[in-house]
There are 2 protein chains.
Amino acid sequence: MESGSHSSDIVFDVVATSELERAIHDRLADHELRYTSGRRAIVEGLRRADGPITLPELLESSPDLAQSSAYRNLSLLEDAGVVRRLVHGSEHAHFELSESLTEHHHHLICESCGLVRDITLDDTLERTLDRSFDQLAAVEGFRPTHHTVDVYGVCGDCES
Amino acid sequence: MESGSHSSDIVFDVVATSELERAIHDRLADHELRYTSGRRAIVEGLRRADGPITLPELLESSPDLAQSSAYRNLSLLEDAGVVRRLVHGSEHAHFELSESLTEHHHHLICESCGLVRDITLDDTLERTLDRSFDQLAAVEGFRPTHHTVDVYGVCGDCES
DNA sequence: TTGCTTGCAAATGATTTGCACTGCT
DNA sequence: AGCAGTGCAAATCATTTGCAAGCAA
């Protein structure tokens, strides 16, 4: 059960990863940016993370990254539509792969420790929300591009 | 919000204002804070504003406020549950009166100029959302306290 | 008097940027 | 060769804080 036990996961992972890598490579190329090892490390760090993470957390998971380059590349990746920056109350911004590379989702945010976890709403509810937003936006003269739903609370670890 | 005992908007407004003032006074007192003229000016500025505003905007509407005192008092008012701080992508935070002094609502945010406007969802939809959040939060071990729904887009003024 | 408030100036700290160097292509 | 990418150190800028003076109970 040892030598072959993980093979299917790995194959799947490799395929999925290479598709992701190609998509990212193309987006960067569209913006005349190279997909360098430092940028790959950032993407890998975000992909491995269990939800959106801060820059210090990213550096911890990839110690060879220089702080300024990581910040600079996160901004470039954001401009290229590869990364999304989340700004909540906590001191550091959180970063995750763009929804166009993963899937539409929302966030659960711990008000005590700042932890952010992903959640998804069911499609029916999402459609209802979209319809409401379109109507409301029309009344206000807005052209809506996207929406966020954040649920604040206290996570299990912080619940004393 | 309707007592039915007032025949004009002006009278209603005066009464509503004094009720608001008393509620705020009480909350500050609970936190052993005084309701000084500077703090009144902040509350008035927020009340007069057409939605959440930034600190520079607040100072513009009440030029006698000192920047540091305004920041300090906004934080204290936030701690006392009188003010809510909104942190989006824009450079400055936005401030508004707490929902417990007004009513539950959400925001439309212009990605171009940073303008924030209030919107409300209908009660049925809010209840549906709350139910979903409770379920999701339970699965993740979170205890939800509140939620935000932000609709991003481009406002009429910025639509060129 | 006691201690909350205030305004000024200085500090803080996350993020950004200038610049010289490295390394693809 | 030529130009994008990197890392260091320095700069930025919204926000916070120390402190001495003002004011209310």
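Below, chain A is the first sequence line, B the second, and so on; all start at residue 1. In this text, all values refer to a predicted model and were calculated from it rather than measured experimentally.
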S.K.: Could you tell me how far apart B:Arg40 (CZ) and D:dA24 (P) are, to the nearest whole angstrom?
M.R.: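 B:Arg40 atom CZ is separated from D:dA24 atom P by 13 Å.
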S.K.: Which part of the nucleic acid, if any, lies within reach of B:Thr36 when heavy atoms closer than 4.0 Å are counted: base, sugar-phosphate only, or nothing?
M.R.: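 Result for B:Thr36 = sugar-phosphate.
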S.K.: Would you name the heavy atoms of B:Leu46 and B:Leu74 that are closest together and state the gap between them?
M.R.: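 Where B:Leu46 meets B:Leu74 most closely, the heavy atoms are CD1-CD2, 4.4 Å.
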S.K.: Which whole-number value in Å describes the distance from B:Asp64 CG to C:dC8 P?
M.R.: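 Result: 11 Å.
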S.K.: For B:Leu59 and C:dC8, give me the distance from atom CG to atom C1', rounded to whole Å.
M.R.: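 After rounding, the gap between these two atoms is 15 Å.
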S.K.: Taking the side chain as every heavy atom from C-beta outward, state whether A:Leu108 and A:Tyr152 have any atom pair closer than 4.5 Å.
M.R.: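 Not in contact.
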S.K.: Taking the basic N atoms (NZ, or NE/NH1/NH2) and the acidic carboxylate oxygens, is any pair closer than 4.0 Å for A:Glu159 and B:Arg143?
M.R.: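 Here A:Glu159 pairs with B:Arg143 in a salt bridge, since their nearest N and O are under 4.0 Å apart.
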S.K.: In whole angstrom, what separates B:Phe95's CZ from D:dA14's P?
M.R.: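 For the pair B:Phe95 CZ and D:dA14 P, the rounded distance is 13 Å.
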S.K.: Once you round it to whole Å, what is the distance between C1' of D:dG7 and CD1 of A:Ile42?
M.R.: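 A:Ile42 atom CD1 is separated from D:dG7 atom C1' by 13 Å.
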S.K.: To the nearest Å, give me how far apart CZ (A:Arg72) and C1' (D:dA9) are.
M.R.: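 Between C1' of D:dA9 and CZ of A:Arg72: 12 Å.
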S.K.: Is the shortest side-chain N/O distance from A:His92 to OP1 or OP2 of C:dG13 below 4.0 Å?
M.R.: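 False: A:His92 side-chain N/O out of range (4.0 Å or more) of C:dG13 OP1/OP2.
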S.K.: Could you state the atom-to-atom distance from OH of B:Tyr71 to P of C:dA11 in whole Å?
M.R.: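 Rounded to whole Å, this separation is 19 Å.
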S.K.: Need one value for B:Arg39: base, sugar-phosphate or nothing, where a base atom within 4.0 Å counts as base even if backbone is also close, heavy atoms only.
M.R.: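 Answer is sugar-phosphate: B:Arg39 comes under 4.0 Å of backbone atoms only.
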S.K.: Could you check whether B:His94 and B:His107 have their ring centres less than 6.0 Å apart?
M.R.: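 Between B:His107 and B:His94, the centre distance exceeds or equals 6.0 Å.
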S.K.: From C-beta outward on B:Asn73, which listed nucleotide comes closest to its side chain: C:dA9, C:dT6, D:dT15?
M.R.: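 Nearest to the side-chain atoms of B:Asn73, counting from C-beta on, is C:dT6.
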S.K.: Could you tell me whether the side chain of A:Gln135 and the main chain of A:Ser132 form a donor-acceptor pair under 3.5 Å?
M.R.: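 Absent.
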S.K.: So what does A:Glu32 touch, heavy atoms closer than 4.0 Å: a base, only the sugar-phosphate, or nothing?
M.R.: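 A:Glu32: no heavy atom of the nucleic acid under 4.0 Å.
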S.K.: Among the candidates D:dA9, D:dT16, C:dT15, find the nucleotide nearest to the side-chain atoms of A:Ser68.
M.R.: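 When the side chain of A:Ser68 is considered, D:dA9 is the closest of D:dA9, D:dT16, C:dT15.
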S.K.: Taking atom P of C:dT22 as reference, at what distance in whole Å does atom CZ of A:Arg34 sit?
M.R.: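 Checked: the CZ to P distance equals 16 Å.
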S.K.: Regarding B:Leu55, tell me which of base, sugar-phosphate or nothing describes its non-hydrogen contacts under 4.0 Å with the strands shown.
M.R.: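 The answer is nothing, as B:Leu55 stays clear of every strand by at least 4.0 Å.
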